[in-house]
Amino acid sequence: MIPPSWLHLAEPAIKKVGLTCLHLINFGFAFHLFKENVAGLCFMAGPSMLPTLDNSGELVLESILPHRLFPNQLGRGELITLTSPVDPSRIICKRVIGLPGDVVCVDPTGLKAHSTEHVLVPKGHIWVAGDNAAWSKDSRDYGPVSMALVRGRIAARIYPLNRFTVFSKNATYIDH
């Protein structure tokens, strides 16, 4: 047992350490809530989004709040993050190709389906694709994706600094 005289001297230091730990825990929770609900930095790697995102990986800014507030404001050509329909433990990055009600070509490249095959994107779903068709697992493989799986939009590439880019909706499509 600690002698009472020593405990009396240590009490202010113990309180200070306790408050510091409490502040760190609060900061951690605030950071987590911000990253999961507003915006955050994400590391994206893999060949499916070449040449837009590098295979070796890049740091991007993921904007979550606008999608949460306005989920029906997705646009063709936008880069989005979503929960993988194949592996729910993974977050993937793809480009929006078709919106609900659009008729899209299943595979314009002809690699996974005849280029004459088309599909109507159902209500509450989108059609997504990787920029590097040869190495992308996307809607050509798993069909239309529920909009409930969309996490957010990729707003910008942050690192490497020499490739800093603000992404926008760059899509050309035929509207009847």
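Heavy-atom basis, side chains included; hydrogens, waters and symmetry copies ignored. Note that the structure is predicted; figures quoted are calculated from it, not measured.
Side-chain atoms of Thr81 come within 3.5 Å of backbone N or O of Gly152 as a donor-acceptor pair. With hydrogens and angles ignored, the 3.5 Å screen pairs no side-chain donor or acceptor of Asn37 with any backbone N or O of Phe34. Listed for the Ser139 side chain is a donor-acceptor partner under 3.5 Å among the backbone atoms of Gly143.
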Run the side chain to side chain contact (heavy atoms under 4.5 Å, CB included) test on His67 and Ile80 for me, step by step, so that the C-alpha distance in whole Å, both residues' side-chain angles and the decisive distance to 0.1 Å come before the verdict.
CA-CA 10 Å; His67 177 68; Ile80 60 169; over 6 Å; no
Does the side chain to side chain contact (heavy atoms under 4.5 Å, CB included) test come out yes or no for Phe70 and Asn72, once each step is laid out?
CA-CA 6 Å; Phe70 310 105; Asn72 294 321; over 6 Å; no
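Atom CZ of Phe31 is surrounded by 12 or fewer heavy atoms from other residues, nucleotides or ligands within 6.0 Å. Enclosure of atom CZ in Phe43 by more than 12 non-hydrogen atoms of other residues, nucleotides or ligands within 6.0 angstrom is indicated.
The hydrophobic clustering, which links ILVMFWY residues whose side-chain heavy atoms are closer than 4.5 Å, places Leu69 and Met147 apart. In the hydrophobic clustering of this structure, Val150 does not group with Ile91; members are Ile, Leu, Val, Met, Phe, Trp, Tyr whose side-chain heavy atoms approach within less than 4.5 Å, directly or through other members. Tracing side-chain contacts under 4.5 Å through hydrophobic residues (I, L, V, M, F, W, Y), one reaches Tyr159 starting from Val166; they form part of the same cluster. Residue Phe27 is not grouped with residue Phe29 when hydrophobic side chains (ILVMFWY) are merged at heavy-atom distances under 4.5 angstrom, including chains of intermediate members.
When all heavy atoms of Pro88 and Thr83 are compared, the closest pair comes out as O-CG2, 3.4 Å. Listed here is the closest heavy atom pair of His118 and Val103: CB-CG1, 3.9 Å. The shortest non-hydrogen separation linking Arg163 to Pro51 is NH2-O, 3.5 Å. Nearest heavy atom pair, residue Ile97 against residue Arg76, reads O-CG, 3.7 Å. Across every non-hydrogen atom of Lys35 and Gly40, the tightest pair is CG-CA, 4.2 Å.
Here the CH2 atom belonging to Trp135 is positioned 12.0 Å from the CG atom belonging to Leu111, to the nearest 0.5 angstrom. To the nearest 0.5 Å, atom CD1 of residue Ile92 and atom CG of residue Leu149 are 8.5 Å apart. Atom OG of Ser48 is separated from atom CG of Leu53 by 8.5 Å, given to the nearest 0.5 angstrom. Note that CG of Leu82 is 10.5 Å distant from CZ of Arg90, once rounded to the nearest 0.5 Å. To the nearest 0.5 Å, the span separating SG on Cys93 from CD on Glu62 amounts to 9.0 Å. Atoms CG and CE, from Leu59 and Met44 in turn, are 9.5 Å apart once rounded to the nearest 0.5 Å.
Asp107 has a carboxylate O that lies under 4.0 Å from a charged side-chain N of Arg140, or vice versa, which qualifies the two as a salt bridge.
Scanning for salt bridge (Lys or Arg N to Asp or Glu O under 4.0 Å) contacts around Arg157 gives Glu58, with sequence neighbours left out. Shown here are the side-chain hydrogen bond (donor to acceptor under 3.5 Å, both in side chains) partners of Asp87, two or more places apart in sequence or in another chain: Ser89.
Between Leu61 and Leu41, the closest side-chain pair of non-hydrogen atoms falls below 4.5 Å. Proximity of Arg68 to Val38: side-chain heavy atoms (C-beta onward) are nowhere separated by under 4.5 Å. Considering only heavy atoms from C-beta on, Val104 comes within 4.5 Å of Val119 through its side chain.
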Could you list the donor-acceptor pairs under 3.5 angstrom formed between side-chain atoms of residues 122-133 and any protein atom two or more places apart in sequence or on another chain?
| unit_1 | atom_1 | unit_2 | atom_2 | d |
| --- | --- | --- | --- | --- |
| His125 | ND1 | Lys123 | O | 3.0 |
| Asp131 | OD1 | Arg95 | NE | 2.8 |
| Asp131 | OD2 | Thr52 | OG1 | 2.3 |
| Asp131 | OD2 | Arg95 | NH2 | 2.8 |
| Asn132 | ND2 | Pro47 | O | 3.0 |

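Lys137 and Ser84 share no side-chain donor-acceptor pair at under 3.5 Å.
Looking at His114, Lys112, Glu117 one by one, the single match for side-chain contact (heavy atoms from CB on, under 4.5 Å) with Val106 turns out to be Glu117.
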